[in-house]
Amino acid sequence: MAKEITSRSENYSQWYNDLVVKADLAEQSAVRGCMVIKPYGYAIWEKMQRFLDDAFKKEGVQNAYFPLFIPKSFFSREAEHVAGFAKECAVVTHHRLMTNPDGPGVVVDPSAKLEEELIVRPTSETIIWSTYKNWIKSWRDLPILCNQWANVVRWEMRTRLFLRTSEFLWQEGHTAHATSQEAQNEAIKMAHVYADFARNILDIPVVLGHKSPHERFAGALDTLSIEAMMQDGKALQAGTSHFLGQNFAKSFDVKYADKEGNLQYVWASSWGVSTRLMGALVMALGDDNGLVLPPLIAPIQVVMVPIYKTDEEHSSVLEKMGQIQDALVANGHSVKIDDRDLLRPGFKFAEWELKGVPVRLAVGPRDITNGTVEIHRRDTMEKTTVPIDGVVDRIGELLDDMQKNIYLKALQFRDSHIVKVDTWDDFKEKIEQGGFLLCHWDGTEETEERIQEETKATIRCIPVDSAVCEEEGKCVYSGKPSHRRVIFARSY
RNA sequence: CGGGAUGUAGCGCAGUUGGCUAGCGCACUACGUUCGGGACGUAGGGGUCGUGCGUUCGAGUCGCAUCAUCCCGACCA
């Protein structure tokens, strides 16, 4: 009873917030706008990190770490970039505290003012490019493919757990290349790494596409994003990959000598995903019973709940579960036996469902007698009793099936909420129902802004690899000619 | 920084027009009965009612101030 969550249809925001807190993923910190990620939530994040790290390594990317503090002067070198972030930066101005001469507590020591303020990184392009300058002399030094796992700070006005917090965890890749084409290819390649990860591991269907110039990352020539659909029909940008051209190379004077001995500015890409993916996981896959975790990302894939009355029953049930556990672990599955005393089975069932554990096994005296075990799958909530022989193989197959099924369910939801819209009246009506609107757009920023003002909808992306978008038509707002459809939606 | 709301136990709340000993649910502690879908009984522990000032014989309740938080905007991965 204590852990019951609000239903999705009743109040989507509250459902989300309840779920994040009650499934033990995270909680609001006493520090304004910041979040505490709890062990269970962090375990999921660690699994994401592992998959991403492996994928990065396959692409030749290495991990590195750059400073948290960025001198203000670095930051102001790239005009567009600073304009994009200036409004939300935390700034360090002093380096010492002292006891308060006028009362209790401590105060900032006014004599310890920094000559140059330090910015707490909102993203690391500037500090990294100031470093790359020293690393890059010749074409032989290129490409440089670095990733860092870090925290960044963006002083947001309004925050929501995982989706928008003042501090968040992420990875940011920063690459340097000899040619424009190579840098562009890198940005595209990494966008596909993200899309594959979202689809295959997280079971979240995403649309890969280009951002409109208006929605681009500050300082980028092209921004690719993966856009996911939440179950209230709103879009969530789940990852971005940017082609930065020579903007940062020029700002930080990063040149290399090519094979002919001519000095050339290098070309750049950067790309990142954050703990926002945790929010996407909750909002794209969760249901009224709680989280639904795809087996590949679940910290616990199989939980076993013992059912017993007497000590003898307890020990025989536990012995049987121990055997199953060993076999499952030998097959590479993560397993937990929930042997907490004093909690009744029904309570445990509900709690593990809330936490999204894919498979639950219940073993009781009845099963010991019959040689059976009860299997419950989280995605469909189906319960079956099966012979204990062969149960390990069956669970392996079940986990594989669930990994596919969860994706298909989310895909079906998303695709049933994508509509083609050709008139402005239809646009205004359909946007109220949520979902992605496939529309023609005249390509102007003016139209984009008008549409946003009137409907709060923005261009989420201009999809790549989408045959349905490739057609001639007229802009849904201005009526001017257009060569392809783009996705409009309200977003987080 | 605009518009709206809320601060009472760890959490969620009630407390009518001021009234004496501040209450309920969950959680917590102890004991017992339970245990195949969120158990129950009994007995306990836990509060300067956000803070300050005022009105009053008397303030959780009324007034003013202040702080904090949340929601809706502006901003954003």
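Just so we're on the same page: letters track the sequence lines, and every chain starts at 1. Keep in mind that this is a model prediction, so the values were computed, not measured.
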Separation between the [atom1] atoms of [N] and [M], rounded to whole Å:
{"N": "G47(B)", "M": "G37(B)", "atom1": "P", "answer": "39 Å"}
{"N": "C13(B)", "M": "C31(B)", "atom1": "P", "answer": "33 Å"}
{"N": "G18(B)", "M": "G63(B)", "atom1": "P", "answer": "11 Å"}
{"N": "U21(B)", "M": "C70(B)", "atom1": "C1'", "answer": "34 Å"}
{"N": "U51(B)", "M": "A59(B)", "atom1": "C1'", "answer": "15 Å"}
{"N": "A43(B)", "M": "U61(B)", "atom1": "P", "answer": "33 Å"}
{"N": "C28(B)", "M": "A22(B)", "atom1": "P", "answer": "26 Å"}
{"N": "C24(B)", "M": "G15(B)", "atom1": "P", "answer": "15 Å"}

Would you indicate what [X] reaches in the nucleic acid, counting non-hydrogen atoms under 4.0 angstrom: base, sugar-phosphate, or nothing?
{"X": "Phe168(A)", "result": "base"}
{"X": "Leu343(A)", "result": "nothing"}
{"X": "Thr240(A)", "result": "nothing"}

> Can you name the one residue among Gln231(A), Arg8(A), Arg378(A) that meets side-chain hydrogen bond (donor to acceptor under 3.5 Å, both in side chains) with Asp287(A)?
Replying inline: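 Option passing the side-chain hydrogen bond (donor to acceptor under 3.5 Å, both in side chains) with Asp287(A): Arg378(A).
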
> Considering heavy-atom distances to RNA chain B, does Ser491(A) or Ala362(A) have its closest nucleotide positioned more toward the 5' end?
Replying inline: Ala362(A)

> Taking for each residue the nucleotide of RNA chain B with the nearest heavy atom, is it Arg344(A) or Glu156(A) whose nucleotide lies nearer the 5' end?
Replying inline: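 Closer to the 5' end of RNA chain B: Arg344(A).
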
> In terms of ring plane angle, is the pair Phe243(A) and Trp267(A) parallel, tilted or perpendicular, where the classes change at 30° and 60°?
Replying inline: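 If you compare the ring of Phe243(A) with that of Trp267(A), the planes turn out parallel.
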
>> Should the side chain of Glu353(A) and the base of G37(B) be counted as holding a donor-acceptor pair, with the cut-off at 3.5 Å?
In response: yes

>> Is there, by distance only and without an angle test, a donor paired with an acceptor across the side chain of Lys383(A) and the base of G37(B) below 3.5 Å?
In response: yes

> Between Tyr477(A) and Phe427(A), does the ring centroid distance fall short of 6.0 Å?
Replying inline: no

>> So that I know where these two stand, are Phe66(A) and His174(A) an aromatic pair - ring centroids less than 6.0 Å apart?
In response: no

> Going by number, which of residues 299-325 of chain A have a non-hydrogen atom under 4.0 Å from RNA chain B?
Replying inline: Ile307(A), Tyr308(A), Lys309(A)

> The side chain of Lys456(A) lies closest to which of these nucleotides: G38(B), G73(B), G36(B)?
Replying inline: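 The nucleotide sitting nearest to the side chain is G73(B).
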
> Which base, if any, makes a Watson-Crick or G-U wobble pair with U66(B), both distances under 3.5 Å?
Replying inline: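 The answer is G50(B), by the H-bond criterion.
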
